[in-house]
Amino acid sequence: NLKVGLHMVANPRFETETDGVTAHWTMLCPLQRVEDLRCALASGYYHEHYRIEDGSLRVAVNRTLPAFVSMPPARAEG
């Protein structure tokens, strides 16, 4: 469970296609766990495809590809 999870995206790349748009995003996400309040950092990529439906773009495919999650070790009790 996460107390904080802030998705920040950068460097969007868009490719127009006959049936819609494909987007690629780089993601960086600071995290904080509810259980012990440890903080971490996650990184990855979003690959999305939007299709044209009734003149509007609708999300057809959303894939998240994690690159890494850094989680410090739990503190020792005592």
Side-chain angles (χ1 to χ4, degrees):
N1 293 333
L2 296 177
K3 179 177 182 178
V4 176
L6 176 64
H7 289 238
M8 296 180 286
V9 294
N11 302 329
R13 294 178 310 280
F14 299 97
E15 300 168 12
T16 56
E17 300 165 359
T18 57
D19 66 336
V21 176
T22 298
H24 308 277
W25 309 81
T26 304
M27 180 265 296
L28 186 62
C29 185
L31 310 168
Q32 186 176 36
R33 290 172 33 140
V34 170
E35 296 84 14
D36 54 16
L37 302 181
R38 286 190 292 163
C39 294
L41 189 61
S43 179
Y45 306 94
Y46 290 123
H47 295 277
E48 300 175 322
H49 180 73
Y50 303 86
R51 69 174 178 272
I52 299 171
E53 188 176 292
D54 297 327
S56 297
L57 291 175
R58 304 281 185 223
V59 176
V61 177
N62 179 314
R63 291 187 300 143
T64 302
L65 305 169
F68 74 86
V69 176
S70 66
M71 179 63 68
R75 292 201 283 186
E77 297 292 324

Val9, Leu41: one ILVMFWY side-chain cluster at the under-4.5 Å cut-off? no

Approximate separation, where rounding is to 0.5 Å, of Met8 CE and Ser43 OG: 10.0 Å

Looking at every non-hydrogen atom in both residues, tell me the closest pair between Ala40 and Ser70 and how far apart they are. CB-O, 2.6 Å

Mind checking whether Leu31 and Arg33 have side chains closer than 4.5 Å, heavy atoms only? no

Please say yes or no: joined through hydrophobic side-chain contacts below 4.5 Å, possibly via intermediate residues, are Ile52 and Phe14 part of one cluster? yes

Just checking Tyr45: does its OH atom have more than 12 heavy atoms from other residues, nucleotides or ligands closer to it than 6.0 angstrom? no

Closest approach of Gln32 to Leu37 (non-hydrogen atoms, all atoms of both residues): NE2-O, 3.2 Å

Can you tell me how far CH2 of Trp25 sits from CG of Asn62, rounded to the nearest 0.5 angstrom? 11.0 Å

How many angstroms lie between atom CD of Glu53 and atom CG of Asp19, to the nearest 0.5 angstrom? 12.0 Å

Thr22 and its side-chain hydrogen bond (donor to acceptor under 3.5 Å, both in side chains) partner, picked from Glu15, His49, Arg13: His49

Quick one: pull up OH in Tyr46 and CZ in Arg63 and give me the separation to the nearest 0.5 Å. 13.5 Å

Which word best sums up how the rings of His47 and His24 line up, parallel for under 30°, tilted for 30 to 60°, or perpendicular for over 60°? perpendicular

Please round to the nearest 0.5 Å and tell me the distance separating atom CG of Leu65 and atom CE of Met27. 9.0 Å

